[in-house]
Each structure stands twice: as structure tokens, then as C-alpha cells.
Amino acid sequence: MPNSHRLKPISECTCKVTKGDIELEKVTPPTGANMVKTIWIGDVQSGKYDDQEVELKGWVKRARGNNNIRFVVLRDSTGTIQCVVKKDTIGEELFAEVKNVLIETSVIIHGKVNADERADGGHELVASSFEIIGAVNPEKPFPITESAMAAADGGETEFLLDNRHLYLRTSRMTTMLQIRSSVFGAIHSYFRDLDFVEYQAPNFVAGAVEGGSTLFEVPYFGRTAYLTQSWQLYAEAAMPALERLYTIAPSFRAEKSRTRRHLTEFWHAEMEVAWASNQEIMTHGEGVVRRVASTLLDERSSELEGLGRDLDLVARYADNPYPRMRYDEAVETLQAMNVDIEWGQDLDYSKEKILTQDFDVPHFLTHYPKIAKPFYHRVDPDDDNYVLCHDLLAPEGYGEIIGGGERTWSEEEILARLKEEGTPTEAYQFYIDTRSYGGVPHGGFGLGVDRVCAWLTGADHIREVIPFPRDSRRVTP
RNA sequence: GCCGAUUUAGCUUAGCUGGUGGAGCGUGGGACUGUUAAUCCCAAGGUCGAGGGUUCGAACCCCUCAAUCGGCGCCA
């Protein structure tokens, strides 16, 4: 599969170091080691080097052939190409080496680029030299075989999870990581385009954002600290300084959930805005998700197609507005469908799933009952049974991808809400204190980046979109 | 925490009502002048997750344990 991205040659990446008008130093590519790579397989497959002599550096993906001609499929980060090695051209000694080359051997191959329909991708390299750089231990050949991949059928087996460090090299995982990078980039550019400031919160914290049972305890010089579940409380402290802020950072939750939607360490894109209403926050949520979808169409359409993803679906998510529905309407809808639910219950995954069946784009659920949500959600001034919050539910059964809303911002209200819940206030003292000095209405949301990746790629499991997934039973490799 | 499953070669698996564990991939050797997950021939590789029990006999039946997978609750 050709890659829609090319790597720039290093000469285009270097920058000039200047002081005033005087150019102090021109950074040049390192030379001498003969390890500078200037030509990428993706470019060769695009026809840029037809009939030219080139040097390709990469890894052997597969090899086949006979005693006189070998076909070595070479892989790099931009694609694959067939290299034709003939005994006549290259000599018996080298040919014997090529014949014995094992999968994932790293090599440098010189040769002439030949446009040939017999080769996958339309181009091949007719080799004039073949140099092994890093050999593969024949006692321990590359363990990921075709049968392992076929068995995984695009997903994962325990074996592939155990060999994740090697599985990353396969075309499917490479594609996932490239798409993931574009998702992160799209989120950054959405917020930066709107003058949000990227802001970092600590990962060691003293208190919980959600319920206390989902915290990871960490020994901390004789005390107990916790890994953060969310950037939010620390973002709210900086809200009066920055007014619009965001982050993409890991969050940690010690949930024993074993589902296709959960990780114990996940990447959390969070934002906080001063002077903002629930409606405005939702507009940003919709905006960032649609930006991610449109960026993937721009940057990664061939990769998505390579994964078998229907681009029309992704385009639908990029181009259409996301409907908003109150919790009460959702409950009524479910009750009309004879689903067993009572007012005041949080909507669990099975109920979300039933709701999302009726939508072909993501949709928001707003105004949950106060009793279903924690203290930091702002009570609706129009009806104190509800809070001004929202969840964004992805279609196709992928579930919640955003949770957010307005925050309880007056000191009086937040103390009342904490008392009502019976939540101890010690760990939140700094948070409460911020309310004593010019509190303003504000809000924000958290977006599960991995969940968005899983949904937009159509992955069967959230593990497929993160390089080294962490769940309740796996911290290795 | 709860419910349901799985565990046979490096990997993926077949193995019927209990009667000497087969194959594909990978690896090693051989054949083949253009292959497309190349093909063909040969070979090595297994205390059937661990322990105990029933039985003349256990991969298969029973018990205990372990590891793993899927789902629920909760969440992103």
C-alpha cells in the first residue's frame, strides 16, 4: 500500500543558526558513516526515480525465488518494494547470502528502479549490490509469521501482545501509528488555531477526580500519592490566568474493566475555557472531533483504506453537525423502546449502544440528573435536579468519547455540593481555594484520544491503536 | 467485584462416544530462470498449562490451582 506521506530529505529539514543578520553555522547532514538515508520506498513507488540508480535502506519483509533469481520485498516506513536479485549480476557469493536472508534483516540495496507491472506497487529495484547491516539470529527467527497475523485477523492475539515490540513493524500496526499521529496533530492544531494555550498538569496527585476506587496508588517518600485521572482540576486553577487552555496527556484509571473500550493508561485530550457555557463547550467538542475526521481524510485516506475503513463514513463524521439531546429525552426514547431504565440512572454502555443505533453521526447527551454526576458539575440554575454537562457518544457502538460540561464555580456552591456528596475536602483544598478569588463561569471536556482512534479506524479493540496497551492484566512489554 | 470461556510444536490449529497426537506457517536441507502469503520434495521440532484423582488405559472424564481471553458495572 503506497503511503500518502513522504519523508523529507535531511537537507530540507536543516535549519540555519543565525544571530542578527549573521549566519553563524549551517547545519549539514552528517557524512562519513554512509548511513544518511536520502531515498524512500514510497517515493520510488510514486515513479519519482524511474530508470535511476538509487540506494534503498530498509528491512526484509519477505523473500522468495529460485537458484538464479530472488525477489526480496524491502520495507521502510513509507512502503514496500520488490527488489530483484539475479545471480548473473550480483555474483555467486552475494547471491548465496541473499538466498539465506531472514525476515527483518536490515539491508542496503543499490540498483536501478524499473517500472514493471509484475511488481506489487508497479515498481521494482533491479539490485546491483546487497549489503546486510543487521542480521537476524537464525536460532530465533522473527516470530511474527503469516499464520499469526492471519489468526489475529486484524486484531490481536495474546502472542502478538506479548511480542508487541516486534508487532509494531507490521504494516497494520505501522498504519495505526501513522493515523494516530495525525489524530494527535489534528487535536493540537484545532486548539492552537483558536489560541488555546497548551498547559501541563502534574501526574502525581493527592486526590481523585472521579470516585476514589479507580486511583493508582504510588509510594511517595513515605506518603501515598496517586497517578492522575484527569488534568481538569489543575487546569481549572490556571483557567483565570490563561482563559483558554488544553492538553493531550496520559490519564490513569485503576478500573478492572475488560472491554474493547478501556485502558488503564489512556491519552486524554482535555480543554478548559473561561466564561463558557455548556453549549459553547459542546461546540468545541464537535469542532475538534470533526477536525480530526477531516484531517484523517486529508492526510491518511490511503492508510484508512488499507485498514478497510469506509471513507464515506469518516467523511460523514467530518461534514455533518452532531445532534444534541437531553438526558430526559434519551430516557423517554429508551422507555418507549421498552428498555428497562428509570430516571436518575446513569446511562450504561448497553443503553448508550441502543441510543446510538438511531444516529449515523456522533451525538451529545446533555443535562444529566445531579445524582448521577460528581460535585464539580455545575447545577442547572433553571432546574436543580440537573447538571449542565454533556457526553458525546460515537456511533457504530464505540460509546462515549467525550465527557464535559460547566463547572461548579462559586465557593458557596462547591462546598454545598461536596457536603451533599460526603466527599472529604482535604485533597481538594487548592481547588476550593481558587473559587475564593474571582470565580467565573467556565467549563471544559475530556476526550478519549485512543477511543477516537479506535472509532475512526474501525478497530475492533482500543488496544489496536496504541503501541503498548496497558490494561488490568498487562503491563508488559 | 461479578458472569462466561480458553490453554495441544516457535506461531495458528485438528484431534469423534477415553484406545500409540495430525496439519499449515516459520526454521534446516534439496529442486526450480520472473516470483506475488511463490511452488514442489525431505527433515528436525510435543513431558497436550501445572498438580492430583477415576480407569487396564486420559489431550479427552472429575477436583484444585495458574495464566489468558471475552463481557458486565464504572468511565474517556
Side-chain angles (χ1 to χ4, degrees), chain A residues 61-73 80 82-88 99-100 102-104 114 116-121 124 126 136-153 155-163 166-167 171 209-214 229-232 248-270 285 345-352 372-374 391-394 398-404 445-455 460-463 471-474:
Chain A
K61 186 183 171 68
R62 185 158 299 284
R64 52 181 171 259
N66 55 44
N67 276 329
N68 295 290
I69 184 168
R70 305 293 300 178
F71 301 94
V72 175
V73 179
T80 61
Q82 169 169 293
C83 301
V84 185
V85 185
K86 291 175 179 164
K87 186 156 70 178
D88 293 350
K99 204 178 163 190
N100 291 326
L102 292 171
I103 290 170
E104 286 305 310
N114 184 27
D116 193 319
E117 284 187 3
R118 289 175 295 184
D120 194 19
E124 63 184 15
V126 183
V136 169
N137 181 354
E139 303 282 311
K140 212 176 60 169
F142 194 67
I144 298 179
T145 60
E146 287 298 332
S147 59
M149 293 294 291
D153 192 25
E156 274 112 348
T157 61
E158 189 189 337
F159 172 77
L160 293 178
L161 288 164
D162 286 340
N163 287 281
L166 302 177
Y167 184 51
S171 61
V209 178
E210 313 291 343
S213 61
T214 63
Q229 295 173 298
S230 168
W231 162 96
Q232 180 194 326
I248 306 179
S251 284
F252 306 89
R253 303 214 176 150
E255 293 158 347
K256 284 187 179 168
S257 308
R258 300 196 48 73
T259 77
R260 66 189 67 229
R261 311 179 302 287
H262 285 86
L263 294 166
T264 52
E265 176 180 352
F266 67 97
W267 285 79
H268 209 175
E270 297 183 84
Q345 263 184 288
D346 212 344
L347 299 177
D348 61 41
Y349 178 64
S350 63
K351 301 187 179 67
E352 282 179 5
K373 294 286 177 183
D391 285 351
L392 181 64
L393 308 182
Y398 283 91
E400 186 178 341
I401 51 175
I402 282 181
F445 67 71
L447 173 148
V449 183
D450 316 280
R451 283 187 180 177
V452 168
C453 291
W455 161 53
D460 289 334
H461 200 293
I462 195 166
R463 279 195 306 237
D471 64 32
S472 60
R473 298 187 200 178
R474 181 176 288 277

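All of these numbers come straight from a predicted model, not from anything done at the bench. Just so we're on the same page: letters track the sequence lines, and every chain starts at 1.
Here B/C75 presents its P atom at 19 Å from CG of A/D450, a figure rounded to the nearest Å. We find that CZ of A/F445 is positioned 12 Å from C1' of B/A76, with the value rounded to whole Å. Atoms CD1 (A/I248) and P (B/A76) sit 17 Å apart, rounded to a whole Å. B/A67 atom P lies 14 Å from atom CG of A/D471, rounded to whole Å. For the pair A/R253 CZ and B/G1 P, the computed distance is 20 Å after rounding to whole Å. Here the C1' atom of nucleotide B/C11 and the CZ atom of A/F159 are 5 Å apart, to the nearest Å. A straight line from CG of A/L263 to P of B/A76 spans 14 Å, rounded to a whole angstrom. One interatomic measurement links the two molecules: CZ of A/R473 to C1' of B/A67, which rounds to 9 Å at whole-angstrom precision.
When heavy atoms are screened at a 4.0 angstrom cut-off, A/L102 is found touching the sugar-phosphate backbone but no base atom. Among the atoms of the strands shown, base atoms are found under 4.0 Å from some heavy atom of A/Q82. Among the atoms of the strands shown, base atoms are found under 4.0 Å from some heavy atom of A/G65. When heavy atoms are screened at a 4.0 angstrom cut-off, A/E124 is found touching base atoms of the nucleic acid. Heavy atoms of A/I401 sit under 4.0 angstrom from primed sugar atoms or phosphate atoms, though from no base atom. Counting non-hydrogen atoms under 4.0 angstrom, A/K86 reaches a base of the nucleic acid.
Using N1 to N3 plus N6-O4 or O6-N4 for Watson-Crick, or N1-O2 and O6-N3 for G-U wobble, each under 3.5 Å, B/G4 pairs with B/C69. The partner of B/A44 cannot be assigned: no Watson-Crick or G-U wobble pair with both contacts below 3.5 Å exists in any strand. Nucleotide B/G24 forms a pair with B/C11, judged by Watson-Crick or G-U wobble geometry with both contacts under 3.5 Å. With a 3.5 Å ceiling on both atom-pair distances, the Watson-Crick or G-U wobble partner of B/G19 is B/C56. Under the Watson-Crick or G-U wobble criterion, with both distances below 3.5 Å, B/G34 is left unpaired in every strand shown.
In this structure, A/D471 contributes its side chain and A/R474 its backbone to a donor-acceptor pair below 3.5 Å. Judged purely by atom type and a 3.5 angstrom limit, A/R62 has no side-chain atom pairing as donor or acceptor with the backbone of A/V72. Side chain of A/Q82 to main chain of A/F71: no donor-acceptor pair is present (N/O by atom type, distance under 3.5 Å, no hydrogens or angles). The backbone N or O of A/N67 lies less than 3.5 Å from a partner atom in the side chain of A/K87, making a donor-acceptor pair. The closest donor-acceptor contact from the side chain of A/R253 to the backbone of A/T214 lies at 3.5 Å or more, if one exists at all. Of the possible donor and acceptor atoms, none in the side chain of A/R64 sits under 3.5 Å from a partner among the backbone N and O of A/R70.
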If you apply the rule side-chain contact (heavy atoms from CB on, under 4.5 Å), what do you find for A/S472 with A/H262, and how did you get there? CA-CA 9 Å; A/S472 60; A/H262 285 86; over 6 Å; no
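Distances shown here put every side-chain N or O of A/N66 at or beyond 4.0 Å from the OP1 or OP2 atom of B/C32. Side-chain N/O atoms of A/H268 include none lying less than 4.0 angstrom from OP1 or OP2 on B/C75. The shortest distance between the side-chain N/O atoms of A/R258 and the OP1/OP2 oxygens of B/G70 is below 4.0 Å. Under 4.0 angstrom from either OP1 or OP2 of B/C69 there lies no side-chain N or O belonging to A/R260.
Using C1' as the reference atom, B/G18 and B/G57 are 8 Å apart when rounded to the nearest Å. B/U7 and B/C16 have their P atoms separated by 12 Å, with the value rounded to a whole Å. The gap from the P atom of B/A9 to that of B/A66 amounts to 22 Å, rounded to the nearest Å. B/C60 and B/U55 are spaced 13 Å apart, taking the C1' atom of each and rounding to whole Å. Comparing B/G24 with B/C62, their P atoms sit 32 Å apart, to the nearest whole Å. Separation of the P atoms belonging to B/G22 and B/A43 is 14 Å when rounded to the nearest angstrom. Look at the P atom in both B/A58 and B/G51: the space between them is 15 Å, to the nearest Å. As rounded to the nearest Å, B/U12 and B/A76 have P atoms that lie 35 Å from one another.
Listed nucleotides: B/C72, B/G26, B/C32. Nearest to the side chain of A/R261: B/C72. Of the candidate nucleotides B/G70, B/C75, B/A31, B/G70 has the atom lying nearest to any side-chain atom of A/H461. With B/U27, B/G71, B/G34 as the candidates, the nucleotide lying closest to the side chain of A/T259 is B/G71. When the nucleotides B/G70, B/C32, B/G34 are ranked by their closest atom to the side chain of A/R463, B/G70 comes out on top. Side chain of A/N68, nearest nucleotide from B/U33, B/A76, B/G1: B/U33.
Between A/E352 and A/R474, it is A/R474 whose nearest contact on RNA chain B lies nearer the 5' terminus. When each of A/I103 and A/V84 is assigned the nucleotide of RNA chain B with its nearest heavy atom, A/I103 is the one assigned upstream, toward the 5' end.
Stacking between A/F266 and the base of B/A76 is present: ring centres sit under 5.5 Å apart and the planes differ by under 30 degrees.
In this structure, A/P138 and A/L102 have side chains that are in contact, with non-hydrogen atoms separated by less than 4.5 Å.
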